Amino acid sequence: MSLERLNEKQRRAAMQVEGPLLILAGAGSGKTSTMTERIAYMIEQGIPSYHILAVTFTNKAAGEMRSRVEELVGRCDDMWIMTFHAMCLRMLRYNCEVIGYDHNFVIYDGTDQKTIVKNILKEQGINDKEFSAPYLLSIISDYKEKAVSADEYRDAVEDNYKTKVIYSVFKAYEDELKKNNAMDFDDLLLNTVRLFEQDEAILLRYQRKFQYIMVDEYQDTNHIQYKLIKMLAEGHHNLCVVGDDDQCIYQWRGADIRNILDFEKDFPEAKVIKLEQNYRSVGNILAAAHSVIENNRGRKGKKLWTDREDGDKIKYYRADTEKDEARYVAQEIDLLKGRDKKYSDFAILYRTNAQSRHFEEALTQRDIPYRVLSGLRYYDRKEIKDMMAYMRLVVNPYDDLSLRRVINEPKRGMGDKSVEKIQGFANVRGESLLQALSDEEVLDTLPGKAYSGVKNMVECINLCRDERDNLRVSDIYDNLLVKTGYMKALEDANTVEAEGRIENLMEFKSVIYDYEEQADKPNIEEFMEKITLMAEVDNHDANQDAVVLMTMHSAKGLEFPVVFLPGLEDGLFPGHKAFDSSDKMEEERRLCYVGMTRAKETLILCSASVRTLYGRTEYTRESQFLRELDKRLLDGDAVYVRKTRDSGLGVSTGSFDGFAAKESPKPYDSLRYAKAATKANASAGDEEFAVGDKVRHAKFGEGLIIDQDGKTLTVIFDAAGQKKMAKGIAPLKKL
DNA sequence: CGGCCTCAGATTTTT
DNA sequence: TCTGAGGCCG
């Protein structure tokens, strides 16, 4: 039996299949192995795979679990291993008529939500300084996560000016989504709960189907997810939740740590198994992390242990400035790299994305390759959102939101006034904007400049829709990109920024190709759905040998031989807001714990005594977490004792800063170089070109290279004229 | 309609 | 200090 790869506790967890089970899995305790082996064990015991449901938070986690399960037991397509949202979407697609939605409902993402709330604010004449759209949305989302509707909100809260405003926006927001046959991410969960409440037969059907349920990262579930799982598990009580209360770092967006703390109250017959043996980190790192986390109250109280050696002590460096800090980190990487390390063995984990900049500069100076996992989500990029809007219109001609987004993108001379005019016609005719614009009569009312551009666009979208069964998704994409004039506008702009956008659009196309390859029956509807539920496209190939920079939040679930935690200063980490409440402070402390436990062999902490934040330069105090850390585990000088720096770093702040200023490249450039390097490694098509080479472009045909610089080639095409293209991205072949 | 300028605001982020 | 959003003018 495969279970022999597990330790005794893990095996007990894997074999405890019946009844409620809480697995408290500490950092690095082999959680994923345990879960996958558990599923494999169930299959071996003869439980049909369609009776099993495994829920995760991210697509990545779901994908990983599925592939590891399939390694053990072979393909099992009828097993539901997916995210909460994907699970709800799937159930709602079949049943949403029950709660008054059309089968073809669409999903609105965060940007769509913001647009809608902004429109509501404008309509209702609400001062958006007093009530900003993001603020209102966060409140609305908070309530939706607690399964509270707008009307229930009104009945529950005190009646005053503020709650009146929130109610009216909340209500209008609900109505607007319903009108557009759209759901936001919260609705996917909320409406599934409503569906179950409204139609018991459907709930019973799913209870009968999902006889064995597992939930990953249970400490991060919010109320509605909890409710959903509870409803599903009610029938049979075979519910296994896996999590670590010490790693709950998402309370600020609704995760309710009580879900995991109170599991035994919810299911009194629950068994609890703690996985405390850590296979990841050396002893000193675990001890250090423990000395910090034990300052939290209300824990389930686990203590990780390892049979590995103690390892090096924790290093700590108190830098002068953030630049000094970054230089120290870069230097240390060079030093350690000299021994037995690869660049990809290093991670720099910071509290805020803004901190990445100095590290990028310092790494560039030392020619250390790196990649930044930025907070900007893939679908948040403007050009991707624009193309998505075009594609949505192909699927759903009623989507006024998307049409408004792209009607003047690229510029077609359609300002607000013209759009409102068309909206007027559409309202009278009871049609959507796109439908109205499909009529020559309406189109004719537009000024000459707008007329031809809009007509072109509308024809292109409608054509793609009519032909969508005959066209590949990538064909539709190409068509939209070119015929709407979007690509041309970017090419004409001829700026670095536009080039980057073209790059992203090409990347998006490779996402489409991937989808077409992997899907059974590729179609644009399914593709759009997949993309909407996908956060960051996993385009960062882990094979690339580069130092990784990211926030501690994004590092959850990952591990690295060497981890740097910079910026350990009160006000930055823990962030200044943490000093208002002990709840916030405890969450920051858990984040610190997550950060520290990412390290396998070496953990290096630093802080800067002077930091410039938001243009304000201030002296800092060393982080409370440093003060909590067991000093005996610190290498060399304890906290509060200045270390003298190597001569290589310069002696005084002045000379060092001067040096840094002279040498540092523009941060934007360094980012681009890093990206370009990633690309070059990833794509096979990075041929070397020289001026005078004849080339063939996939779209523009044959041409001649007349100029090149760091990242672009200038090509004259026989048919299409002169173009600038991005090296390694543009589909060019040497002839 | 579009470009430029001024002003506020500024953790963490999956789906 | 930097970025994004909104207002104003050409």
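Keep in mind that this is a model prediction, so the values were computed, not measured. Letters A, B, ... are given to chains in the order of the sequence lines, protein chains preceding strands, and every chain is numbered from 1.
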Asker: Look at the side chain of A:Thr352 and decide which nucleotide, out of B:dT15, B:dT11, C:dC2, has an atom nearest to it.
Answerer: B:dT11
Asker: Are A:Tyr614 and B:dT11 close enough that a side-chain N or O sits under 4.0 Å from OP1 or OP2?
Answerer: yes
Asker: Could you pull out all residues at least two apart from A:Asp570 that satisfy salt bridge (charged side-chain N to carboxylate O under 4.0 Å, His left out)?
Answerer: A:Arg621, A:Arg627
Asker: So does A:Glu588 pair up with A:Arg351, basic N to acidic O under 4.0 Å?
Answerer: yes
Asker: What's A:Glu588 touching, base or sugar-phosphate or nothing? Going by heavy atoms closer than 4.0 Å.
Answerer: base
Asker: With a non-hydrogen cut-off below 4.0 angstrom, is A:Ser554 in contact with a base, only sugar-phosphate, or nothing?
Answerer: sugar-phosphate
Asker: Residues in side chain to side chain donor-acceptor pair (under 3.5 Å) with A:Ser607, at least two apart?
Answerer: A:Tyr316, A:Arg318
Asker: Can you list the residues that meet the salt bridge (charged side-chain N to carboxylate O under 4.0 Å, His left out) rule with A:Arg412, with sequence neighbours excluded?
Answerer: none
Asker: Which part of the nucleic acid, if any, lies within reach of A:Phe57 when heavy atoms closer than 4.0 Å are counted: base, sugar-phosphate only, or nothing?
Answerer: sugar-phosphate
Asker: Output all residues satisfying salt bridge (charged side-chain N to carboxylate O under 4.0 Å, His left out) with A:Lys556, sequence neighbours left out; order by chain, then residue number.
Answerer: A:Glu217, A:Asp220
Asker: Can you pull every protein N or O that's under 3.5 Å from an N or O on nucleotides 2-5 of chain B?
Answerer:
unit_1: B:dG2; atom_1: OP2; unit_2: A:Asn408; atom_2: ND2; d: 2.9

Asker: Could you give all pairs that pass the salt bridge (charged side-chain N to carboxylate O under 4.0 Å, His left out) test and reach residues 187-196 of chain A, with sequence neighbours left out?
Answerer: A:Lys144-A:Asp187
Asker: Which protein N or O atoms sit under 3.5 Å from an N or O of nucleotides 8-10 of chain C?
Answerer:
none

Asker: Would you please name every residue forming a side chain to side chain donor-acceptor pair (under 3.5 Å) with A:Asp246, sequence neighbours left out?
Answerer: A:Arg299, A:Lys302
Asker: From C-beta outward on A:Leu533, which listed nucleotide comes closest to its side chain: B:dT13, B:dT11, B:dT15?
Answerer: B:dT15
Asker: Mind checking what makes salt bridge (charged side-chain N to carboxylate O under 4.0 Å, His left out) contact with A:Glu586, not counting sequence neighbours?
Answerer: none
